[in-house]
Asker: 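Submitted below is the structure of interest, expressed as structure tokens.
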Amino acid sequence: MASPRVSLRTDARDGIALITPVTVVVGAVIVLPILWTVVLSFQDARYIDVARNGLLNELTLDNFTSVLTDDGFWEAMLTTVEYSVGTTLGSIVVGLVAALAFRDAFRFRAPLRAVMLLPYVAPVVATTFVWQVALNPQYGVVNAFGTEILGWERPVPFLSTAPTALLTVIAYDIWRYFPFAFIFLGAALTGLSRELEEAAVVDGATPLQKFWHVVLPQLMPTIALLALFRMVMAFNEFDDIFLLTGGAADTQVASIRVYEQLTGSSDIGGASATAAVMAVFLGLALVVYLRLTGRFREVAR
Amino acid sequence: MSAAAVQTRVLRVLRVVVIVALVAATVLPFAYMVSLSFVRIEDLLRDPLRVVPALDRITTETYRQVLASEEDGGWGFGRFMRNSALVALAAAALTTLLCVPAAYALTRLRFAGRRQIGALFLAVYLFPTIIIAVPVFVGFQVLGLGSSLIGLVIAYIALTVPVSVHMLRNHLAQIPESIDEAAVLDGAGRIQTMLRITIPLALPTIMSTALYSFMIAWNEFLFALLFLSAKPELWTVSLGLTRLSDGQEVARTVLMAGSVLLTLPIILLYAVAERALTEGLAAGADKG
């Protein structure tokens, strides 16, 4: 029988052997790129410079000065914040309403719940395409319905004029992401003990009072976590907005700006600087958020 | 009537309204997609409100056109689907192959740096894809992996690994270690124990991890766009659909058929393994 000491030593050896491959991949494709982004953001690098000199380009703060002094950047940040807050709030509210409606059993609850998750699991390219066609002023069903049946004077160019474009993108993302909130909040609701609610009813609470004073406070920790998750996801969102509007009509969020700097003007340094500023901004927002919710939790206690 | 009774009644009606509205909102866009894929483009342009084609006007020509290769006058979705399937299957297989041993090591073996690596996987997952995209794009170009399906597979593995390890780790932590220890005492080596005991016990979770990676890889768009835009022969379904819809020459109803082809595998997978996928997606927030 192996002595404990030997088994500890082989444990360590086997452990490192088993974990190395995955660590190498994550290191090479995620950690190194993040560090490299930081380095590139301090270099005035075009693609050709990177190909020729690798990491060794002259260091400069130019990218940051030009990113931070560009009005376009601040407009993009503002759009990003508006978009993030809109879809986060919207998807959580709709997800909460859905979770409450599905709380008690009814016929077909399980299959309908599965159906409600479709917007979230379906390929984003397919669903954005369907929305584009449905909202098209010439051949979309929404505008046809609006002009022929609701009596709109003319079709609405939902995705090509401000401010409807941003609102439409937000609506799309509420549609796509409310199932995410629905899964989370549904699970949280199942976990609540019914005794508190029954006691409130015995004490004469109306259903709304029961929701407001008994159910909602118990869901707050889940909602806070969900809001955090959704904000981080929305802040970094690229696909949905790019596919719906391409960043036109005042919908250029920060990640689309990075993409345009990277591919349009192949300004790698600028793209990296924008991405780095985004990450710093997001990090600061996270710290503030955690402080605030931490204080909120203390007060609640 | 008391306030409580009024509210109860109103809420009972409201609940039905909410359920019907939500189901309609989720299902209608998909119904529209399927229906338009059988409509002739001239019918759509004549009457956009007529979403469901008359029986004698239904066409499957859209599917033939979108699937056929360019030489046969089609748009090459057959090839796009093959590319997507290759990439997604490879990403799913390799992710699983990498993650099972890693999760095993993280839950069973004590070694230096174990906690740090666990934390690293979690932290990685907060970083925006677009930040990673810039240097990965540049680096892969320099290494010559930039415009290849292999480069894409590597990127997808990295995208799905953190969540997959997390899922597997949670599951393995629930299998009592005493089972492994008994095997080790009986003279089985670590690797043998993992292969013979742990993996069979964790098989359902391993399957859901694989399905999750497949789905993320099949649906992914940004990296495909960055890596493969200039190489139409390597386009995935997502990229092909986007590129073709940017131009005006392909009829929208034909592209609707393309959207159905893009969505169908995911819906089928989801129908077979709903719980497994939901678990992964809830854990996985949204990478890709």
Side-chain angles (χ1 to χ4, degrees), chain A residues 11-12 14-16 18-19 21-23 25-26 29-30 33-34 36-37 40 50-51 97-98 101 112 114-127 129-130 133-134 139-141 144-145 148 175 183-184 206-208 229 232-233 236 238-239 243 255 258 262 268 271-272 275 279, chain B residues 3-4 7-8 11 15 18-19 22-23 26-27 29-30 32-33 44-45 48-49 51 98-99 101-102 104-105 109-111 117 124 126-132 134-136 138 142 154-155 157-158 161 190 219 221-222 238 241-242 245 252 255 259 262-263 266 270 274 277-278 282 285-286:
Chain A
D11 258 22
D14 291 349
I16 289 167
L18 290 176
I19 198 114
V22 86
T23 313
V25 174
V26 170
V29 189
I30 301 185
I34 291 172
W36 197 11
T37 304
L40 281 172
V50 179
V97 169
L112 287 182
V115 163
M116 298 253 290
L117 303 186
L118 284 182
Y120 187 56
V121 295
V124 59
V125 169
T127 54
F129 180 70
V130 172
V133 172
Y139 47 76
V141 68
F145 188 79
E148 285 174 36
W175 178 80
I183 307 176
F184 262 77
T206 67
L208 286 181
F229 249 176
V232 175
M233 281 154 69
N236 300 323
F238 172 83
D239 296 358
L243 287 164
S255 56
V258 175
L262 182 66
I268 294 172
S272 305
Chain B
Q7 282 183 15
T8 310
L11 285 175
R15 176 164 175 254
V18 163
I19 293 174
L22 284 172
V23 171
T26 21
V27 173
F30 292 97
Y32 185 60
M33 173 181 0
L44 173 70
L45 294 176
L49 204 51
V51 170
L98 286 169
C99 289
Y104 183 83
L109 306 173
R110 272 138 214 87
F111 56 92
I117 287 179
V124 142
L126 278 179
F127 276 91
T129 322
I130 192 86
I131 293 194
I132 303 161
V134 180
V136 168
V138 178
V142 172
I154 297 174
I157 295 172
V161 151
R190 267 296 166 195
N219 287 357
F221 171 66
L222 173 60
S238 283
L241 182 61
T242 314
S245 76
R252 300 291 107 168
L255 289 176
S259 303
L262 169 59
T263 313
I266 294 301
Y270 178 66
E274 182 221 329
L277 281 180
T278 318
D286 180 57

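By convention in this document, chain letters (A, B, ...) are assigned in the order of the sequence lines, proteins followed by strands, and residues within each chain are numbered from 1.
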Asker: Report yes if the side chains of B:R252 and A:F129 come closer than 4.5 Å at any heavy-atom pair, otherwise no.
Answerer: yes
Asker: Among B:I19, B:V18, B:V136, which has the most heavy-atom pairs under 4.5 Å with chain A?
Answerer: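 When all of B:I19, B:V18, B:V136 are compared, B:I19 has the most.
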Asker: Checking A:L262 against chain B: side chain, backbone, both or neither under 4.5 Å from a heavy atom?
Answerer: side chain
Asker: Which atoms of A:F238 come close to chain B, meaning under 4.5 Å heavy atom to heavy atom: side chain ones, backbone ones, both, or neither?
Answerer: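 For A:F238, the contact with chain B is made by the side chain alone.
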Asker: For A:L208, is it the side chain, the backbone, both, or neither that has a heavy atom closer than 4.5 Å to a heavy atom of chain B?
Answerer: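 Both parts, backbone and side chain.
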Asker: Quick one: does B:P48's side chain get under 4.5 Å of A:V141's, heavy atoms only?
Answerer: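 Result no, sub-4.5 Å side-chain heavy-atom pair not found.
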Asker: Apply side-chain contact (heavy atoms from CB on, under 4.5 Å) to B:P135 and list each qualifying residue two or more places apart in sequence or on a separate chain.
Answerer: A:P33, A:W36, A:T37
Asker: List in chain and number order the residues that pass side-chain contact (heavy atoms from CB on, under 4.5 Å) with B:L44, two or more places apart in sequence or in another chain; answer none if no residue qualifies.
Answerer: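 B:L44 satisfies side-chain contact (heavy atoms from CB on, under 4.5 Å) with A:Y139, B:L36, B:V39, B:I41, B:T253 only.
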Asker: Output yes when a side-chain donor or acceptor of B:N219 lies under 3.5 Å from a complementary backbone atom of A:V121, and no otherwise.
Answerer: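 Present.
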Asker: Pick one of side chain, backbone, both or neither for B:L11, based on which atoms fall under 4.5 Å of a heavy atom in chain A.
Answerer: side chain
Asker: Just do the side chain to side chain contact (heavy atoms under 4.5 Å, CB included) check on A:V133 and B:Y32 with the steps written out, would you?
Answerer: CA-CA 10 Å; A:V133 172; B:Y32 185 60; 3.8 Å; yes
Asker: Can you tell me which of A:T127, A:V22, A:I16, A:T23 forms the most heavy-atom pairs within a distance under 4.5 Å of chain B?
Answerer: A:V22
